[in-house]
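This report refers to the structure that appears directly beneath it.
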Amino acid sequence: MFQEMHSKGFQPDHITISSVLSAVGDIERFNIGIQVLCYVIKLGLLHCKFVISALIDMFGKCACAGDLMKAFEETNEELMDVGARNALLTALSRNGLLDVAMEVFERFRVRGRELNVVSWTSMIAGCSQNGKDIEALELFREMQSAGVKPNSVTIPCLLPACGNIAALVHGKAAHGFALRTGIIADVHVSSALVDMYAKCGRIHLSRLCFDRIPNKNSVCWNAIMGGYAMHGKANEAIDIFHLMQQKGHKPDFISFSCVLSACSQGGLTEQGWRFFNSMYEDYGIEAKMEHYSCMVNLLGRSGKLEEAYTMIKQMPFEPHACVWGALLSSCRLHNNIRLGKIAARNLFELEPNNPGNYILLSNIYASKAMWDEVDAVRDVMRSRGMKKNPGCSWIEIKNQVHMLLAGDKSNPQMTEIIEKLHKLSLEMKKAGYLPNTNLVLQDVDEQDKEQILCGHSEKLAVALGLLNTPPGSPLQIIKNLRICGDCHAVIKFISGFEGREIYVRDTNRFHHFKDGVCSCGDFW
DNA sequence: CTAGGGTTAG
């Protein structure tokens with residue numbers, strides 16, 4: 001229509017341009033958008049507020065952030081209102097250009113441009129959605145000291161950041177804010193709280209928040225179910241699933257992801273099959289990729305590797321990497337070379353640059369002392385310039401989140417940390433504990449292995465926590481990789497010996513250590 | 001007129 005209008009010689013005005021840009025954004029056809037941009041420049045409409053906002057919006061939706069910045073640079077900043085500035089910030093961080101968004105945001109601040117609660121909230125959302133959780137918390141603090149009051153949208157943007165890094169103190173502060181201001185009544189806020197408490201290891205607080213939501217929607221039910229799954233409480237998750245049905249809420253495909261994940265954490269193979277089958281039979285929901293991942297994970301981890309492989313072969317669509325990844329990690333758990341090789345071959349095609357897959361395969365070989373094969377895998381990694389993701393842990397001590405990297409000695413208290421771990425290891429040996437060096441699957445001698453284990457970031461974080469918190473207080477640690485068997489055994493010991501409750505969240509679940517035992521019952 | 005909550009794997 002726009003092209004026809006042009007060919008007939010009609011001049012588009014700013015309203016026409018805005019409408020066209022909005023349409024272009026919705027269908028994500030940025031090449032058309034560029035043509036329209038040329039028009040805008042030719043017609044001298046670049047100074048018009050409507051057109052500027054519409055342009056920003058369009059480029060943001062078309063995932064074309066480079067052109068967006070170009071448009072911004074060509075725009076007279078004076079002509080942008082708060083709305084346009086906010087649209088720009090959102091568009092940048094949505095397109096993976098969070099750093100640029102931060103710079104632009106800073107520029108606006110320095111130049112004294114008006115920024116409102118939406119501006120701050122978009123930046124907080126941008127950070128928490130791009131893995132910059134500490135930065136999100138920092139922005140929230142700056143926002144308040146700048147005198148901008150958070151609202152009912154700010155809190156659900158902030159809470160995922162608290163959950164991601166288990167910043168419980170910050171999460172509780174946000175909860176307090178929600179109670180004081182009454183925004184707790186907003187179901188977005190309360191469901192975000194349910195999720196935050198679960199991710200911070202406080203599943204009972206999560207449940208408390210959940211029970212107090214008067215108008216629960218499916219997001220709330222799914223959040224608590226996912227929380228129980230993450231804590232390995234399969235039966236509680238299943239109870240919630242049934243309760244949800246009793247209360248007349250229909251489970252959706254995410255509810256099934258949660259309950260299947262719960263079954264898989266708890267090793268409930270038969271229950272899992274029943275849910276998987278009833279999904280289509282009783283609810284008409286077609287199984288998606290994530291449901292197949294869960295099932296492969298469920299079967300594989302319980303040792304039914306052939307059954308898991310059969311399931312993959314019978315899937316009605318091409319399996320994604322997550323499905324093969326579930327099989328490969330199960331093969332690592334049960335050290336199955338034949339299926340491990342098949343899974344790895346598929347993964348190398350789908351994700352040629354993911355170091356995790358190579359590490360898993362190499363570890364399967366190492367478990368059988370097949371060092372030549374281990375070397376071959378490591379050579380491929382080296383030749384492609386891949387490095388193992390370094391292990392990393394976070395711990396919150398007195399409102400501050402500390403990050404510890406495996407083998408990184410930069411923490412100012414490193415000497416004390418090493419000393420503490422050394423003392424503990426002597427105590428453990430006295431108690432008859434032997435370091436489980438099998439789990440360091442590299443061809444190194446025993447003493448080196450012991451040193452490598454001491455460097456694991458979760459142990460460093462536990463030691464840092466022991467040193468800096470009062471005796472008897474709980475510790476909370478988040479890890480970016482899965483916890484290894486040795487760290488698991490060591491932390492169990494520490495929880496008993498030091499009389500501490502220790503919460504450790506690894507990539508996919510919680511371990512709650514208390515009195516020398518772990519809530520996972522050593523199945524994970 | 002721009003900002004928001006729940007899911008799978010490693």
Side-chain angles (χ1 to χ4, degrees), chain A residues 49-50 53-54 56-57 60 80-91 93-94 115-126 128-129 150-160 163 183 186-196 198-199 206 210 213 216-227 229-230 251-262 264-265 287-298 300-301 319-330 332 343 347 350-351 354-360 363 388-389 480-482 506-509:
Chain A
K49 254 184 216 171
F50 296 102
S53 299
I56 295 170
D57 192 51
M80 290 179 79
D81 63 352
V82 200
R85 278 194 284 276
N86 294 344
L88 177 65
L89 295 172
T90 305
S93 48
R94 265 195 197 150
L115 294 169
N116 59 16
V117 60
V118 179
S119 329
W120 286 94
T121 303
S122 343
M123 291 313 297
I124 292 170
S128 66
Q129 286 158 10
N151 64 15
S152 66
V153 181
T154 316
I155 299 303
C157 290
L158 176 74
L159 286 172
I183 60 166
D186 186 322
V187 72
H188 288 89
V189 173
S190 45
S191 55
L193 280 168
V194 171
D195 181 58
M196 181 277 293
K199 291 202 170 116
S206 189
F210 172 79
I213 306 175
K216 296 179 185 61
N217 63 17
S218 61
V219 176
C220 307
W221 292 98
N222 293 343
I224 188 70
M225 236 188 300
M230 194 190 300
D252 61 11
F253 73 101
I254 295 181
S255 318
F256 280 100
S257 294
C258 295
V259 81
L260 287 175
S261 157
S264 129
Q265 300 291 353
K288 289 199 193 186
M289 200 62 76
E290 49 266 57
H291 304 112
Y292 280 99
S293 297
C294 282
M295 284 307 289
V296 170
N297 188 38
L298 169 60
R301 280 166 31 134
H320 277 191
C322 58
V323 179
W324 289 115
L327 183 65
L328 182 61
S329 60
S330 302
R332 162 67 194 104
L347 280 166
L350 293 166
E351 305 182 319
N354 182 346
N357 301 328
Y358 295 85
I359 297 284
L360 278 171
N363 285 353
K388 184 178 182 299
N389 286 337
N480 69 337
L481 303 170
R482 302 213 61 187
D506 70 12
T507 36
N508 51 8
R509 64 161 294 156

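Being a predicted model, the structure only gives us computed values, none of them experimental.
Residue side chain A:His188 fails the stacking definition with respect to B:dG5, as its ring centre and the base's six-membered ring centre are not both under 5.5 angstrom apart and under 30 degrees in plane angle.
For A:Asp186 against B:dG4, a side-chain N or O and a base N or O form a donor-acceptor pair under 3.5 Å. Side-chain atoms of A:Asn217 and base atoms of B:dG5 include a donor and an acceptor less than 3.5 Å apart. Interface remark: the A:Ser257 side chain does form a donor-acceptor pair with the B:dT7 base, using a distance-only criterion of under 3.5 Å.
Here B:dT7 presents its C1' atom at 15 Å from CD1 of A:Ile224, a figure rounded to the nearest Å. Note: CD1 (A:Ile183) to C1' (B:dG5) measures 12 Å, nearest angstrom. Residue A:Leu360 contributes atom CG, which lies 14 Å from atom P of B:dA9 at whole-angstrom precision. The distance from atom CG of A:Asn480 to atom P of B:dA9 is 16 Å, rounded to the nearest whole Å.
The side chain of A:Ser152 lies closest to B:dG4 when the candidates are B:dG4, B:dG6, B:dT8.
Nucleic acid contact class of A:Asn116 (heavy atoms, under 4.0 Å, all strands): none. Nucleic acid contact for A:Leu193: none, since no nucleic acid atom lies under 4.0 Å from a heavy atom of the residue.
You'll find the side chain of A:Tyr292 stays beyond 4.5 Å of the side chain of A:Pro319, heavy atoms only.
Residues passing the ring-ring contact (aromatic ring centres under 6.0 Å, His included) test with A:Trp120 are A:Phe105, sequence neighbours excluded.
Using modelled atom types, one finds no donor on one side chain facing an acceptor on the other under 3.5 Å when comparing A:Ser122 with A:Asn86.
Taking a cutoff of 4.0 Å between a charged side-chain nitrogen and a carboxylate oxygen, A:Arg85 and A:Asp81 do not qualify as a salt bridge.
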